[in-house]
Amino acid sequence: MKMNPLMFNKLLTKLGVCGSWRFMDMLGLDEEDLSSVPIPCGTVILRFLLTEQHELFREEEGELVFGGLTVFFLRNKVVNSCGTVALLHYHGDSPVKKLDETYWMTPLNKAAHLEMNQATREAYYDVAAQGQCRVEADHVNFHLTTFVKVNRILYELDPRMEGPVNHGDTQDNSFIWDAARVCQEFVERVEGEVHFSALFTKAAQL
């Protein structure tokens, strides 16, 4: 099942981005598909299957977690809310607008505060109703993680982690390639798994 960019664009408007950026399907991770992505690309959201291999890797990846406040990051406290959190991660670190009232809070305090925000709650219910992160009938559990560029660094924002994951240097003209490289690592960790999909944002006038 793929993510629905139309739904995410609707929710972006609800969160105040006002149509200046919009989500598009990422067709694939190979060179031909990536070369068609407009530059600049604002963010990448990857939808993937939570597996035992992934959990073991995350335990080893803890040393890459960045604990500073340069990047807007919040933890996931609500079941089925990873779609909403992915949008908030994009929105909080987007060039359009930062969530100023929560920006300097801890990740857990951000999550608690935003639970009380009406627009956030509405976005959460819309995403949950679409089933973007629900546990499927056969107990297949999907999750979303977000990739952003902040101060020329590629960060992965996974709300199940303790903080942003630093994936190294990036630039506007290489961001999509650098994010796709990390996405490809997700694919390669689970041999034979095909339940991956991704979205990217582009400026609406492009």
Side-chain angles (χ1 to χ4, degrees), residues 5 8-9 12 15-48 57-58 60-76 82 85-107 110-111 143-189 196 198-206:
F8 275 80
N9 289 330
L12 275 183
L15 290 172
V17 180
C18 301
S20 55
W21 291 76
R22 60 174 177 162
F23 279 98
M24 303 285 292
D25 276 316
M26 184 180 290
L27 300 179
L29 300 175
D30 59 28
E31 182 175 353
E32 181 178 357
D33 293 323
L34 296 176
S35 62
S36 67
V37 174
I39 295 174
C41 168
T43 192
V44 170
I45 296 179
L46 175 69
R47 185 173 186 264
F48 64 96
F57 176 79
R58 280 306 203 205
E60 299 172 357
E61 200 176 31
E63 63 185 30
L64 298 177
V65 169
F66 172 74
L69 293 175
T70 304
V71 184
F72 180 87
F73 178 81
L74 69 153
R75 296 289 302 279
N76 190 349
C82 62
V85 173
L87 284 169
L88 290 171
H89 277 154
Y90 160 69
H91 184 40
D93 287 304
S94 75
V96 181
K97 176 183 177 183
K98 289 188 181 296
L99 299 172
D100 293 327
E101 61 183 355
T102 67
Y103 196 76
W104 300 108
M105 295 180 182
T106 67
K110 283 188 183 78
H143 183 58
L144 303 182
T145 192
T146 306
F147 298 90
V148 298
K149 179 180 73 69
V150 178
N151 296 333
R152 300 182 179 180
I153 299 293
L154 172 63
Y155 288 104
E156 180 190 347
L157 310 178
D158 182 342
R160 299 175 76 245
M161 298 288 284
E162 295 294 326
V165 178
N166 183 332
H167 286 290
D169 295 344
T170 192
Q171 303 289 337
D172 284 345
N173 61 359
S174 67
F175 168 76
I176 187 63
W177 301 88
D178 297 329
R181 169 182 51 80
V182 181
C183 291
Q184 185 63 42
E185 292 172 1
F186 276 74
V187 175
E188 293 173 355
R189 278 198 290 273
F196 293 92
L199 302 175
F200 67 91
T201 55
K202 72 167 190 172
Q205 69 268 22
L206 294 177

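All values derive from a computational prediction rather than experimental measurement. If you read the sequence from its start, that first residue is 1, and numbering goes on from there.
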Which one of Val165, Val44, Thr170, Asn166 satisfies the side-chain contact (heavy atoms from CB on, under 4.5 Å) criterion with Leu154?
Thr170

If we ignore hydrogens and angles and just use 3.5 Å, is the side chain of Arg22 paired with the main-chain N or O of Thr201 as donor and acceptor?
no

Taken to the nearest 0.5 Å, the spacing of Asp178 CG from Asn173 CG works out to 9.0 Å

Quick one: pull up CD1 in Ile45 and CZ in Phe23 and give me the separation to the nearest 0.5 Å.
3.5 Å

Keeping Thr145 on the side-chain end and Leu46 on the backbone end, is there a donor-acceptor pair under 3.5 Å?
no

I want to check something: taking the side chain as every heavy atom from C-beta on, are Cys41 and Lys149 in contact at a cut-off of under 4.5 Å?
no

Are Leu29 and Phe196 close enough that some pair of their side-chain heavy atoms sits under 4.5 Å apart?
no

Determine the minimum heavy-atom distance between Gln171 and Arg152, stating which atoms define it.
NE2-CD, 3.9 Å

Separation between CD1 (Ile39) and CG (Leu34), nearest 0.5 Å, reads 10.0 Å

Contact check, side chains of Glu31 and Trp177, non-hydrogen atoms, under 4.5 Å
yes

So which atom in Pro159 and which in Arg75 form the shortest heavy-atom distance, rounded to 0.1 Å?
O-NE, 3.3 Å

Do Ile176 and Met26 have side chains that approach each other closer than 4.5 Å (heavy atoms only, starting at C-beta)?
yes

Suppose we screen for salt bridge (charged side-chain N to carboxylate O under 4.0 Å, His left out). Which residues come up paired with Asp169, at least two apart in sequence or across chains?
none

Gap separating the CG atom of Leu27 from the CZ atom of Phe200, nearest 0.5 angstrom:
7.5 Å

CZ-CD distance between Phe73 and Glu162, expressed to the nearest 0.5 angstrom
8.0 Å

Under the salt bridge (charged side-chain N to carboxylate O under 4.0 Å, His left out) test, which residues partner Arg181, sequence neighbours left out?
Glu185

Kindly write out the residues that satisfy ring-ring contact (aromatic ring centres under 6.0 Å, His included) with Phe175, not counting sequence neighbours, or none if the list is empty.
none

Which word best sums up how the rings of Phe186 and Phe147 line up, parallel for under 30°, tilted for 30 to 60°, or perpendicular for over 60°?
perpendicular

Write down the atom of Thr146, the atom of Val148, and the distance for their closest heavy-atom approach.
CG2-CG1, 4.0 Å

Side-chain heavy-atom pair His143, Asp158 within 4.5 angstrom cut-off
yes

